[in-house]
Visitor: 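Quick one: this structure, given as C-alpha cells, is what I'll be asking you about.
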Amino acid sequence: MAYPHSEIEAKWQAHWKQHKTFRTPDNVDQSRPKFYVLDMFPYPSGDGLHVGHPEGYTATDILARYYRMKGVNVLHPMGWDSFGLPAEQYAIKTGKHPRIITASNIDTFRRQLQMLGFSYDWDREIATTDEAYVRWTQWIFLQLFKRGLAYESEMPVNWSPDLCAVLANEEVEEWRAKGFTVERRPMRQWVLKITQYAERLLADLDGLDWPENIKEMQRNWIGRSEGAEVDFALGTETVRVFTTRPDTLFGATYMVLAPEHPLVDKITTAEQRAAVQAYRVAAAGKSDLERTELAKEKTGVFTGAYAVNPVNNQPIPVWVADYVLWGYGTGAIMAVPAHDTRDFEFATKFNLPIVQVVEPPAGVDWRGYVDDGIAVNSGPYNGLPTAEFKKQITAWLAQQGKGAAKVNYKLRDWLFSRQRFWGEPFPLLHCANCGVVPVPEDQLPVRLPEMKDYRPTPDGQPPLARATDWVQTTCPTCGGPARRETNTMPQWAGSCWYYLRYLDPRNEQALVAPDKEKYWLPVDLYVGGAEHAVLHLLYARFWHKVLYDCGVVSTKEPFQRLVNQGMILGEMEYTGYRDAAGAWVSAEFADDNNTDRRTRAKLTAVRVPEAELQKKGEGFVLLAQPEIRVVARAHKMSKSRGNVINPDDIVKEYGADSLRLYEMFMGPLTQVKPWSMKGVEGVSRFLSRVYRLFVDEETGAPSPKLSAAEPTRAQLRALHAAIKKVSHDIEKMEYNTAISAMMIFVNEAQGWPELPRALLGPFVLILSPFAPHLAEEMWSRLGHAESLAYEPWPAWDEDILREDEIEVPVQVNGKLRGRIRVAADAPEADIIAAALACPEAASFLAGKEIKKKIYIPRRMVNLVVAG
RNA sequence: GCCCGGGUGGCGAAAUGGCAGACGCAAGGGACUUAAAAUCCCUUGGCCGAAAGGCCGUGCGGGUUCGAGUCCCGCCUCGGGCACCA
C-alpha cells in the first residue's frame with residue numbers, strides 16, 4: 001500500500017514555507033565556502049510545467065540540499081523568463097494585458113515547483129517582466145550604448161507577416177517549423193557589437209568546465225579563421241577579398257562578388273547590366289536560408305569586368321554569385337577552382353579556367369584538392385609547403401601595400417530589437433537636435449505604456465508606435481521635443497543577467513552590491529537543456545564580459561560549470577503498419593510518410609501492445625506473424641502525439657518524492673531517456689518500503705521492529721556502504737546509482753528482525769536530498785523537533801567497511817574457474833597458494849605448466865598455463 | 001559533407017583494464033487471502049545438459065594485453081548540432 005504522501009508533502013511544504021527553511025540570508029558568513037547552484041529559469045508558458053523541468057531542477061536541488069548539510073553556504077534561487085511571444089499573441093487575441101496572463105502563468109508554475117519540494121529561496125524570486133528588474137536590464141543596455149556597443153542599422157531582417165514580428169536569424173528555423181512564414185524586409189534595427197568580443201568569447205571557453213560538445217558548438221558559431229585580406233585592382237577601383245589560402249593566389253582565375261556588393265553597379269559593363277540586375281533582384285528576394293538550402297546548383301552572372309591578380313598581374317573575370325555571402329569577410333572572394341570545392345563546382349559549370357597551384361601527396365588528384373601540399377605554378381614560391389608559403393606571401397602583400405594578415409569570424413553582430421509590445425522598451429529617445437539620446441539613469445525604468453491593441457501598426461511600425469502620448473516626450477539634453485524608441489528588446493535580454501540579480505534581488509541602488517557579487521560569483525553549477533548551447537549562453541557571456549569591463553562583476557565568465565540534462569521522451573511505442581485491406585506490412589517497407597515503398601500504397605500506422613511482440617534479431621516482430629517487423633521507438637513528448645506526461649498527475653497519484661526519485665533513477669542525468677509509468681511505480685514501492693521500516697501500516701504506530709539496540713557490525717556495514725556510495729555519487733551527479741545503493745540498504749534492512757534506531761537516522765539523512773518530504777517526516781518520527789535540512793551529513797567509517805575475509809575470483813588463462821575465500825590482509829603468496837589449491841580450478845591446471853601467476857590485490861587471481 | 005554523442009538481457013540501466021548484467025521494471029513460480037488488490041519469498045542473458053557442469057555473449061571486423069564493455073585502428077548504425085563562412 002502506498003504511504004500517505006499527500007499529507008506528508010503538504011505538511012512539510014507548509015513547514016518549510018513558514019520557517020523560511022531555505023532562506024539564504026543577505027549577509028552570510030563569508031568565511032565559509034559557498035555553492036551557487038542555478039537552474040535555467042523557465043518561460044512560464046500557459047501549458048504549465050512538463051516533466052522535463054523537474055529533471056534538471058531535482059538534480060540541482062539534491063546538490064543544494066547536500067551542500068547545506070555539509071555546512072556550505074548555498075544559493076539556490078528561481079525566477080521567471082517572463083517576456084515572450086506566446087503571452088503577446090494571446091493578448092492580441094483576447095485583449096487581455098500580457099502582464100495579467102503572465103502573472104497567472106507564473107502563479108501556476110510557482111505552485112507546481114513548490115509542490116515538488118524544491119529548496120529554493122523564494123524571497124529571491126524575480127521575473128524579467130518586473131519593472132524593478134526591467135530597470136536594470138535597461139541600465140545594462142545603456143552601458144552597452146555608452147560604450148559604443150549598440151548601434152542602429154537598416155538591415156534586411158526576417159519579417160514574419162503571421163507573427164507581425166522580426167526574428168533573429170537563429171529563430172527563423174524554429175518558427176518556420178511551426179508553420180509561420182518568414183520573409184526578408186529592410187528595417188531600422190538596434191544591433192549589439194558582439195563581434196567586438198569574439199576573440200574573448202572564444203579564448204575564455206578554454207577555462208570553463210562545460211561539456212566539450214557545447215564548447216565546440218560555441219567555437220563553431222564564433223567561427224574564427226585566420227587568413228589575409230588581398231586587394232585586387234579593378235580599373236580605378238579596388239576590390240578587397242578575404243582568403244584563408246593566400247598561398248593559392250597564383251591559382252585565382254576569377255573573382256566573385258556577393259550580389260549586395262556595392263561595387264557591382266560601378267563595374268558592370270553595359271552589355272552585362274541587364275543580366276546582372278536581374279540576378280541581383282532575384283537574390284534580394286531570397287532569404288539566407290533559401291539561398292543556401294535551394295542552391296544545390298551554383299548560379300551566377302559575369303559582370304563584364306576584369307580585375308588584376310596582384311601576384312602575376314593577370315586579368316581575371318569578375319562574376320556575381322550568391323554563393324558568396326555579403327555578411328562574411330568582405331563580401332568578395334578570389335576564386336581558386338583547383339583547390340576549393342565551391343569554386344571548382346562553379347568553374348566547371350561556367351567553363352572558367354582551373355589552374356593547379358598545390359601539389360597533393362602522391363596518388364591524389366589535384367583537382368578539387370583542398371588540403372595542404374607543396375606549391376606549384378606559383379613563380380618564385382614553387383616548392384614551398386602551404387604553411388610557409390602563407391607566411392611569405394602575406395609578408396610580401398603587406399610590403400607591397402596589397403594586403404595584410406587578417407582574422408575573420410563567422411559570428412555576426414546581434415540583432416537586438418523586436419517590433420513587439422511585450423518586451424523591455426529601449427531607454428532611448430530620438431531628438432531632432434541631439435540625435436539618439438539615452439534616458440538618464442535616474443529616470444529608469446522606462447515603462448511600457450497602457451494600450452488596448454498590441455498589434456503592430458498597419459504600416460509595419462512596432463505596436464508601441466500606437467501609444468502616441470507615450471512616444472512624444474522631451475529631450476533631456478536640449479529640452480526640445482523627442483520621440484521614444486518604439487522597438488523593444490528580445491527575450492534574451494532578461495535572461496542574459498538574471499543570475500546576477502538573484503545575488504541581491506531588491507537592491508535599488510545597484511544591479512548587485514559588490515561584496516555580494518564578489519562572494520557568490522561565478523555560478524558554480526548551471527543546469528539546463530542543451531537547446532541553449534549557443535544563443536543564451538553566448539549572449540549571457542557577452543553581457544557578463546561587458547559588465548566585467550564596466551567593473552560591475554569581477555569574474556570573466558558567469559558560469560564556471562555547465563551540465564545539460566538529457567531530454568525525457570514519451571513511453572516506448574511499438575508501431576506496426578497495415579495496408580488498406582488491414583493486412584500487416586513489415587516495417588522495413590514503410591517510409592517516413594507511411595507509404596509502402598514498393599507499391600506507393602498508403603499505410604496506416606497502429607500502436608501494438610508490447611505483449612503481442614517478441615524480439616527477433618535487432619528489432620521486434622509480431623508474435624502471431626514473426627515475418628512482420630514493427631518499429632520500436634520512444635518519441636519526443638508532444639500534444640499532437642498525445643504522449644505528454646503531466647507532473648500534476650504523477651504527484652497526485654504517487655507523490656512529489658516519487659516523481660523526483662523516478663526522474664533521478666531513470667538513468668544518467670545527461671542522457672536522453674524514455675518515460676516509463678512502471679518505473680514510477682517501482683520507485684514509489686521503494687519509498688513505501690522505507691515508510692514501512694518506520695511505521696506499522698495497520699495501526700499507523702511506530703513499527704514494532706524499531707529498537708534501541710546496538711546495531712550489529714553487519715548492519716553498520718550496510719549503512720556505511722550506503723553512506724559512502726551515496727556521498728560519492730551525489731558529488732558526481734550520478735544519482736541513479738546513489739538511489740540503487742539506498743535500495744540495497746532497504747532490501748537488506750527489511751530482512752532484519754529488529755531495526756536499531758541508530759541506523760535509521762543516518763539513512764533518513766542520506767535519503768533526504770532525493771525524497772525530502774518523506775525524509776523530514778521520518779526524521780520527526782525519530783523524535784527530532786527541527787527540520788533535517790541543516791543536520792550534518794553523515795560520515796562513513798572505513799574501519800566498519802573493512803571486511804575480515806574476502807572472496808577472490810580465480811581465473812585460469814583469463815577465464816573464471818572458481819573462487820577462494822581468504823583473509824583480507826593475507827599476503828600474496830598465501831592467496832596464490834589458495835588459488836592453486838582451488839578445487840574448481842584443479843581440472844584446468846592438472847598436468848599443465850604454470851607460466852605466470854597474477855594477483856591483483858583484493859580483485860583477482862589469474863593463473864596462466866601453457867597449452 | 002563536417003563536428004560531437006550513443007549502441008550492453010524482453011525494457012531503463014550497472015561495471016578505477018580485473019567475477020558482465022548491480023538496482024529497478026517486465027515475465028514465471030510460490031506464500032498470505034473465500035477471492036482479488038497490496039505485501040513478502042524464489043527464478044529469470046542465450047545455447048547444451050536430468051544434474052554437476054560446459055560453451056557462447058557488451059553493434060561488426062581486426063589489434064594491444066596474463067586479462068578488453070572499457071584502450072588502439074577500420075567499418076556499420078541511431079541521435080544531436082553545424083552546413084556555400086572563402
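To find a chain, count down the sequence lines: A is the first, B the second, and so on, and within it residues start at 1. Heavy-atom basis, side chains included; hydrogens, waters and symmetry copies ignored.
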Visitor: On the nucleotide C25(B), are OP1 or OP2 found under 4.0 Å from the side-chain N or O atoms that R685(A) carries?
Guide: yes
Visitor: Pick the C1' atom in C4(B) and in A83(B), then give their distance to the nearest Å.
Guide: 14 Å
Visitor: Taking atom types as they are modelled, would you say the side chain of K298(A) forms a donor-acceptor pair with the base of C84(B) within the 3.5 Å cutoff?
Guide: yes
Visitor: Are Y328(A) and A86(B) close enough that a side-chain N or O sits under 4.0 Å from OP1 or OP2?
Guide: yes
Visitor: Tabulated below should be each protein N or O lying under 3.5 Å from an N or O of nucleotides 44-50 of chain B; please produce it.
Guide:
none

Visitor: Is the shortest side-chain N/O distance from N747(A) to OP1 or OP2 of G24(B) below 4.0 Å?
Guide: yes
Visitor: Could you report the tightest heavy-atom contact between V355(A) and A338(A), atom names first, then the distance?
Guide: O-CB, 3.2 Å
Visitor: Taking the C1' atom in each of C78(B) and A86(B), what is the distance between them to the nearest angstrom?
Guide: 34 Å
Visitor: In whole Å, I'd like the distance from the CD atom of E212(A) to the C1' atom of C82(B).
Guide: 16 Å
Visitor: Could you provide the dot-bracket string of RNA chain B, using ( ) for intrastrand pairs, [ ] for crossing pairs and | for bases paired to another strand, with Watson-Crick or G-U pairs below 3.5 Å?
Guide: (((((((..(((.....[....))).(((((.......))))).((((....))))..(((((..]....))))))))))))....
Visitor: Output every pair passing salt bridge (charged side-chain N to carboxylate O under 4.0 Å, His left out) with a member in residues 670-687 of chain A, not counting sequence neighbours, ordered by first then second residue.
Guide: E55(A)-K673(A)
Visitor: Which whole number of Å gives the distance between the P atom of U44(B) and that of G62(B)?
Guide: 33 Å
Visitor: Please set out all donor-acceptor pairs under 3.5 angstrom arising from side-chain atoms of residues 246-258 of chain A, sequence neighbours excluded.
Guide:
| residue | atom | partner | partner atom | Å |
| --- | --- | --- | --- | --- |
| D247(A) | OD1 | R245(A) | NE | 2.9 |
| D247(A) | OD2 | R245(A) | NE | 3.4 |
| D247(A) | OD2 | R245(A) | NH2 | 3.0 |
| T248(A) | OG1 | R245(A) | O | 2.7 |
| T253(A) | OG1 | P353(A) | O | 2.8 |
| Y254(A) | OH | Y323(A) | OH | 3.3 |
| Y254(A) | OH | D343(A) | O | 3.2 |

Visitor: Measuring only the P atom in each nucleotide, how far is G18(B) from G28(B)? A whole number of Å is fine.
Guide: 37 Å
Visitor: If we take the C1' atom in both G63(B) and A68(B), what is their distance in whole Å?
Guide: 11 Å
Visitor: Quote, to the nearest angstrom, the P distance that separates G21(B) from G46(B).
Guide: 14 Å
Visitor: For I568(A) and E663(A), which heavy atoms make the closest approach, and how far apart are they?
Guide: CD1-OE1, 3.6 Å
Visitor: Do the side-chain N or O atoms of R858(A) get closer than 4.0 angstrom to the phosphate oxygens (OP1, OP2) of G18(B)?
Guide: no
Visitor: Counting heavy atoms from C-beta on, name the nucleotide in G18(B), C3(B), A86(B) closest to the side chain of L325(A).
Guide: A86(B)
Visitor: Please lay out, stage by stage, how F346(A) and W319(A) fare under the test side chain to side chain contact (heavy atoms under 4.5 Å, CB included).
Guide: CA-CA 11 Å; F346(A) 191 83; W319(A) 287 62; 3.7 Å; yes
Visitor: When you check the side-chain N and O atoms of T195(A) and D413(A), is any donor under 3.5 Å from an acceptor?
Guide: yes
Visitor: If we take the C1' atom in both U58(B) and A20(B), what is their distance in whole Å?
Guide: 7 Å
Visitor: Syn or anti for G5(B), given that syn means the glycosidic angle lies within 90° of 0?
Guide: anti
Visitor: Could you list all N or O pairs between the protein and nucleotides 69-71 of chain B that sit under 3.5 Å apart?
Guide:
none

Visitor: Answer whether the closest heavy-atom distance between the side chains of Y3(A) and R692(A) falls below 4.5 Å.
Guide: no
Visitor: I need a per-nucleotide contact map over nucleotides 9-17 of chain B, read 5' to 3'. Cutoff is protein heavy atoms under 4.0 Å; write B for the base, S for backbone only, - otherwise.
Guide: -SSBSS-B-
Visitor: Just compare G18(B), A86(B), C40(B) and give me whichever is closest to any side-chain atom of I854(A).
Guide: G18(B)
Visitor: Tell me the interatomic distance from F344(A), atom CZ, to G1(B), atom P, rounded to whole angstroms.
Guide: 18 Å
Visitor: Would you kindly give the CG-to-C1' distance between D340(A) and A86(B), to the nearest whole Å?
Guide: 6 Å
Visitor: Within this structure, what is the NE2-to-C1' distance between H532(A) and G81(B), rounded to whole angstrom?
Guide: 15 Å
Visitor: Rounded to the nearest Å, what distance is computed from the CZ atom of residue F770(A) to the P atom of nucleotide C23(B)?
Guide: 18 Å
Visitor: For R817(A) and F242(A), take the nucleotide of RNA chain B holding the closest heavy atom to each; which residue's nucleotide lies nearer the 5' end?
Guide: R817(A)
Visitor: So do N813(A) and F844(A) actually touch side chain to side chain, heavy atoms under 4.5 Å?
Guide: no
Visitor: Measure CZ/F346(A) against P/C84(B) and give the value in whole Å, please.
Guide: 16 Å
Visitor: Which listed nucleotide (A86(B), G24(B), C23(B)) is nearest to the side chain of R689(A)?
Guide: G24(B)
Visitor: Rounding to a whole Å, what distance do you find between M664(A):CE and C23(B):C1'?
Guide: 16 Å
Visitor: For U65(B) and G81(B), measure between their C1' atoms and round to the nearest Å.
Guide: 37 Å
Visitor: Judged by each residue's nearest nucleotide on RNA chain B, which is more toward the 5′ side, L411(A) or P809(A)?
Guide: P809(A)
Visitor: Would you kindly check whether a donor in the side chain of N862(A) faces an acceptor in the base of C66(B), or vice versa, at under 3.5 angstrom?
Guide: yes
